[in-house]
Student: 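Just dropping this structure here.
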Amino acid sequence: MRNTALIVPLLLTGALGGAQEHHDRAPNDPFTLKPLSGDVYALYGRGGNVGFYVGPDAVVVVDSQFKDLAPGIVEKIKSVTDKPIKYLVNTHHHGDHVGGNEVFRHFAVIIAHDNVRTRMLASPAEILRDFPARVEAARKAGNEQQAKQLSEQLEAAKSVKIEEIGAPVLTFDSEVRIHVGDETVQVWHTPPAHTDGDAVIYFEKANVLHMGDDFFKKVIPFIDVAHGGSVKGYLVALDKVIAKVPASVTIIPGHGEVTDLAGLKAFRQYVADLLDAARKAKAAAMAKDDFLKQVDLPAYKGYSGYADRFKANAASAWDEAP
Ligand SMILES: [Zn+2]
């Protein structure tokens, strides 16, 4: 699935959360539950993976996907516990991770990095700035349906009130901990990687780590440089996280299957190989255009999204490589 086609339902469902989203899972079963250790669960869906912890008196949820899926997510959580959902942590501001906030905000405290709130509140203005050209482009391409949907979002952005945006109400700059029962939920801001508001969430006792979109498992990442993301930053962020967690950790990526530290390191290798290819081309005095025509990392061709996003990753790597 391509980003362009997916931006549309994001905002139509009312989630003025972010102008980007990206997902690679077919929407055949958006509520697949995977129990992990220590009362932590992964919930696979149409957008970014959800994680949640069931404590003795409260549930902590990580990410909320889309507004239209949020009631189903809540229902799925209710199928394993009758404890109240008290906290929702957002890993970053993209619509496929915060779209359901509009549902969760009525019963949960929404927590995220400072920049997530800033980005979400800035989203209507971004739509007003960027969407007229996109409506025009869609019309020119003969895609009337897309033009109509974009226009509707443009109209919605004109009248949306700040209090209608499901932005986090509790924000932090470096880290925060949520204490529920005997579990400590560590929320760490990472150096800019996917965006400049990324957080990863570590359920300490359960030894489960939710990486948000700092980690795409066997999926070519989207690196949102327009919102502070960075290829080099990914390496710094990943190394920091890898150094902090035990080797036996179970990891929920932002997109793709639940995995382990080896899976995370394989993704780190992709980012390292990408930067290395750009660095070598620059050292050989190759022009950017030629690099982008030639660049290919066959080892990662099997990853989902290679055809869609690899060249964009390579362009960002070129811009950042020494
Ligand atoms: Zn994202």
Side-chain angles (χ1 to χ4, degrees), residues 17-22 40 47-53 60-64 86-99 101 104-105 108-123 165-180 183-204 206-216 221-246 249 251-255 261 264 267-268 271 316 320:
Q20 273 82 25
E21 54 116 353
H22 31 269
V40 174
N49 294 331
V50 170
F52 65 93
Y53 162 68
V60 181
V61 182
V62 178
D63 282 349
S64 62
K86 285 193 181 170
Y87 308 98
L88 170 67
V89 184
N90 290 145
T91 58
H92 62 295
H93 75 281
H94 287 158
D96 55 331
H97 297 257
V98 303
N101 283 15
F104 280 82
R105 65 189 296 201
V109 175
I110 305 180
I111 303 163
H113 183 262
D114 297 328
N115 290 344
V116 175
R117 180 174 171 86
T118 306
R119 297 285 184 203
M120 287 181 73
L121 297 188
S123 179
I165 300 171
V169 295
L170 193 62
T171 66
F172 62 91
D173 62 357
S174 59
E175 54 184 75
V176 70
R177 280 163 287 283
I178 307 166
H179 302 273
V180 177
E183 182 58 279
T184 301
V185 185
Q186 304 262 4
V187 185
W188 302 321
H189 173 51
T190 63
H194 183 63
T195 70
D196 61 6
D198 299 348
V200 302
I201 291 84
Y202 182 54
F203 300 91
E204 203 175 273
N207 193 23
V208 175
L209 175 68
H210 192 307
M211 286 291 294
D213 284 359
D214 277 4
F215 177 27
F216 287 63
F222 169 59
I223 302 170
D224 192 354
V225 291
H227 295 103
S230 158
V231 185
K232 275 185 180 166
Y234 254 105
L235 283 189
V236 179
L238 292 171
D239 286 342
K240 275 199 156 184
V241 174
I242 289 167
K244 275 178 114 160
V245 294
V249 68
I251 304 180
I252 306 172
H255 297 264
L261 202 58
L264 182 60
F267 176 68
R268 186 208 177 278
V271 181
S316 299
E320 291 183 39

Student: Run the side chain to side chain contact (heavy atoms under 4.5 Å, CB included) test on V62 and F203 for me, step by step, so that the C-alpha distance in whole Å, both residues' side-chain angles and the decisive distance to 0.1 Å come before the verdict.
Tutor: CA-CA 11 Å; V62 178; F203 300 91; 3.8 Å; yes

Student: Apply the test side chain to side chain contact (heavy atoms under 4.5 Å, CB included) to residues T190 and K240: give CA-CA distance (whole Å), side-chain angles for both, the deciding distance (0.1 Å), then the verdict.
Tutor: CA-CA 8 Å; T190 63; K240 275 199 156 184; over 6 Å; no

Student: Return yes if a side-chain donor-acceptor contact under 3.5 Å exists between D173 and H113, otherwise no.
Tutor: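 No, no side-chain donor-acceptor pair sits under 3.5 Å.
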
Student: Should F172 and I111 be marked as a side chain to side chain contact (heavy atoms under 4.5 Å, CB included) after you check the CA-CA gap, both sets of side-chain angles, and the distance that decides it?
Tutor: CA-CA 8 Å; F172 62 91; I111 303 163; 4.2 Å; yes

Student: Taking Q186 for the side chain and I201 for the main chain, is one N or O donor matched with an acceptor at less than 3.5 Å?
Tutor: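 Between the backbone of I201 and the side chain of Q186 there is no qualifying donor-acceptor contact (under 3.5 Å).
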
Student: Is any side-chain heavy atom of S64 less than 4.5 Å from a side-chain heavy atom of H97?
Tutor: no

Student: Looking only at non-hydrogen atoms, find the nearest pair between N101 and G166 and report the distance.
Tutor: ND2-O, 2.8 Å

Student: Considering residues at least two apart in sequence or located in another chain, which fulfil the side-chain hydrogen bond (donor to acceptor under 3.5 Å, both in side chains) criterion with D198?
Tutor: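 side-chain hydrogen bond (donor to acceptor under 3.5 Å, both in side chains) list for D198, sorted by chain: T195.
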
Student: Would you please say whether a donor-acceptor pair under 3.5 Å links the side chains of H94 and H194?
Tutor: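 Short answer, yes.
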
Student: Please give me the minimum heavy-atom distance between F216 and F222, naming the atom from each residue.
Tutor: CZ-N, 3.6 Å

Student: I need the minimum non-hydrogen distance between D63 and N49, along with the two atoms involved.
Tutor: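 Result for this residue pair: CB-O, 4.1 Å.
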
Student: Which heavy atom of A193 sits nearest a heavy atom of I223, and at what distance?
Tutor: O-CG2, 3.9 Å

Student: Side chains of H92 and D213: do they bring a donor and an acceptor to under 3.5 Å?
Tutor: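 Yes, because at least one side-chain N or O of H92 sits under 3.5 Å from a partner of the opposite role on D213.
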
Student: Would you say the side chain of V271 lies within less than 4.5 Å of the side chain of V231, judging by non-hydrogen atoms?
Tutor: yes

Student: With the side chain counted from C-beta on, respond yes when S174 and W188 share a heavy-atom pair under 4.5 Å apart, and no when they do not.
Tutor: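 With C-beta onward as the side chain, the pair stays apart.
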
Student: With the side chain counted from C-beta on, respond yes when P253 and F267 share a heavy-atom pair under 4.5 Å apart, and no when they do not.
Tutor: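 No; the side chains remain at least 4.5 Å from each other.
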
Student: Quick check: does any side chain N or O of D224 sit under 3.5 Å from a backbone N or O of H227, one acting as donor and the other as acceptor?
Tutor: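 Judged by distance alone, yes, a pair lies under 3.5 Å.
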
Student: Are L235 and R268 side-chain neighbours, meaning at least one heavy-atom pair lies under 4.5 Å?
Tutor: yes

Student: What residue among I110, D114, N90 forms side chain to side chain contact (heavy atoms under 4.5 Å, CB included) with T171?
Tutor: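 It is D114; the other options fail the test.
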
Student: In the structure I gave you, are the side-chain heavy atoms of M211 and L264 within less than 4.5 Å of one another anywhere?
Tutor: yes

Student: I need the Y202 OH to T184 OG1 distance, nearest 0.5 Å.
Tutor: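 Atom-to-atom, Y202:OH and T184:OG1 are 10.5 Å apart.
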
Student: Under the side chain to side chain contact (heavy atoms under 4.5 Å, CB included) rule, collect the residues that match up with V180, sequence neighbours excluded.
Tutor: Y53, P56, D57, A58, V60, Y87, I178

Student: Between the side chain of E175 and the main-chain N/O of H189, is any donor-acceptor distance below 3.5 Å?
Tutor: no

Student: Calculate, to the nearest 0.5 Å, the distance between atoms CG and CD belonging to L209 and E204 respectively.
Tutor: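 Rounded to the nearest 0.5 Å, the CG-CD separation comes out at 12.0 Å.
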
Student: Determine, step by step, whether H93 and T118 satisfy the side chain to side chain contact (heavy atoms under 4.5 Å, CB included) criterion, reporting the C-alpha distance in whole Å, the side-chain angles of both residues, the deciding distance to 0.1 Å, and the verdict.
Tutor: CA-CA 9 Å; H93 75 281; T118 306; over 6 Å; no

Student: Taking side chain as C-beta onward, heavy atoms only, is V169 less than 4.5 Å from V109?
Tutor: yes

Student: Minimum heavy-atom separation for P168 to V116, with atom names?
Tutor: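 Minimum heavy-atom contact is CG-CG1, 3.9 Å.
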
Student: Looking only at heavy atoms, which two atoms of V50 and V61 are closest? And how far apart?
Tutor: CG1-CG1, 3.8 Å

Student: How about V249 and I251: do any of their side-chain heavy atoms sit closer than 4.5 Å?
Tutor: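 In short, these two side chains touch, coming nearer than 4.5 Å.
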
